[in-house]
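What follows is a set of notes on a single structure, which appears directly below.
Below, read A as the first sequence line, B as the second, and so on, with proteins coming before strands; counting in each chain starts at 1. Worth knowing before you read on, the calculation uses all heavy atoms, side chains too, and leaves out hydrogens, waters and symmetry mates.
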Amino acid sequence: DGGITQSPKYLFRKEGQNVTLSCEQNLNHDAMYWYRQDPGQGLRLIYYSQIVNDFQKGDIAEGYSVSREKKESFPLTVTSAQKNPTAFYLCASSIQKVSRRESGNTIYFGEGSWLTVV
Amino acid sequence: KQEVTQIPAALSVPEGENLVLNCSFTDSAIYNLQWFRQDPGKGLTSLLLIQSSQREQTSGRLNASLDKSSGRSTLYIAASQPGDSATYLCAVRNRGYGGSQGNLIFGKGTKLSVKP
């Protein structure tokens, strides 16, 4: 079945550690996204990528890094510079990011990854 | 800056009731608006997508309307069931400028509880 796979589901990070969250999609989507969700809050965009080897900062990129070496993969690294990393992280994809001519298509989400600092 | 607000934050209804969830946004320059469902500890599932040129979309017991000029959308759920219990989020795809163009801006959601 086509979809978005995030791993691990649960991850614990020690102070000063970098951790990487995996996101893989087999939907052949061009655009991929990482969001952060805090309890009772809406989703906030961390990074997004429209094509391979290109990505852009979202609203809360500080303390995070990404790569897009393959179309189907968009891993997120939470670095030690992120002071409050405990949150629920969601990866998403869509056919393409919108341009002035395109109104955009449905966005699909993975099941999320819980990151806790211990 | 685009802001999306959802009212109420939480709603509890008895099974069988028809209900309306509200979403408002401050900037009418949007490409589309999307409604999502989120179960506890899970990802988001897309329910309905309304393009900016459309007025409403329907899927089964769900009907979403869009009034772009007033910055409002409603999600109508008919004959609610306990299985409808979840958090419902709306998001607008922003026209914006530069890097923000095309990005989704989310509301905080409405937590719905349907009691048997």
Side-chain angles (χ1 to χ4, degrees), chain A residues 3-7 9-10 21 23 25 27 30-50 54-61 87-116, chain B residues 1-10 23-25 29-54 57 59 64 66 68 86-111:
Chain A
I4 302 173
T5 301
Q6 289 188 238
S7 62
K9 179 68 176 179
Y10 300 96
L21 307 180
C23 178
Q25 55 100 357
L27 300 168
D30 295 306
M32 296 187 73
Y33 312 81
W34 273 105
Y35 290 89
R36 169 179 171 145
Q37 186 177 32
D38 294 283
Q41 302 295 314
L43 278 67
R44 293 183 290 169
L45 182 65
I46 305 173
Y47 268 98
Y48 63 94
S49 168
Q50 301 180 61
D54 184 62
F55 47 83
Q56 303 293 329
K57 293 182 179 180
D59 298 323
I60 55 166
F88 188 48
Y89 290 86
L90 287 158
C91 179
S93 71
S94 63
I95 291 177
Q96 62 187 14
K97 190 175 183 293
V98 297
S99 65
R100 292 198 189 316
R101 293 176 294 135
E102 299 288 340
S103 62
N105 297 284
T106 300
I107 187 168
Y108 297 88
F109 283 82
E111 286 294 293
S113 294
W114 289 94
L115 174 62
T116 302
Chain B
K1 182 182 176 182
Q2 179 75 271
E3 293 183 2
V4 179
T5 303
Q6 291 188 245
I7 295 173
C23 174
S24 62
F25 47 95
I30 64 171
Y31 287 111
N32 58 47
L33 183 144
Q34 201 163 350
W35 282 93
F36 297 88
R37 169 185 172 136
Q38 185 177 31
D39 293 292
K42 302 287 188 180
L44 279 66
T45 301
S46 178
L47 298 173
L48 290 165
L49 171 68
I50 311 177
Q51 302 293 353
S52 62
S53 59
Q54 298 175 325
Q57 284 286 335
S59 176
L66 174 63
K68 198 174 63 169
T87 296
Y88 291 81
L89 295 100
C90 73
V92 297
R93 191 174 284 277
N94 212 30
R95 286 192 183 269
Y97 299 95
S100 70
Q101 184 187 59
N103 289 336
L104 282 175
I105 309 298
F106 284 84
K108 295 181 179 180
T110 293
K111 186 175 183 179

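With a threshold of 4.5 angstrom between heavy atoms, A:Leu90 approaches chain B through side-chain atoms but not through N, CA, C or O. Contact of A:Gln6 with chain B is not made at all, since no heavy-atom distance falls under 4.5 Å. For B:Leu44, the parts lying under 4.5 angstrom from a heavy atom of chain A are both the backbone and the side chain. Heavy atoms closer than 4.5 Å to chain B are found nowhere in A:Tyr108, neither backbone nor side chain. Neither the backbone nor the side chain of B:Gln6 comes within contact range of chain A, judged by heavy atoms closer than 4.5 Å.
A:Ile46 has its side chain within reach of A:Tyr89: a pair of non-hydrogen atoms, C-beta onward, lies under 4.5 Å apart. Using a 4.5 Å cut-off on side-chain heavy atoms (C-beta onward), B:Lys68 and B:Leu33 make no contact.
Here B:Asn32 contributes atom CG and B:Leu48 contributes atom CG; the two are 12.0 Å apart, rounded to the nearest 0.5 Å.
Ring planes of A:Tyr35 and A:Phe109: tilted class, angle from 30 to 60°.
A donor-acceptor pair under 3.5 Å is absent between the side-chain atoms of B:Gln51 and the main chain of B:Ser53, judged by distance alone.
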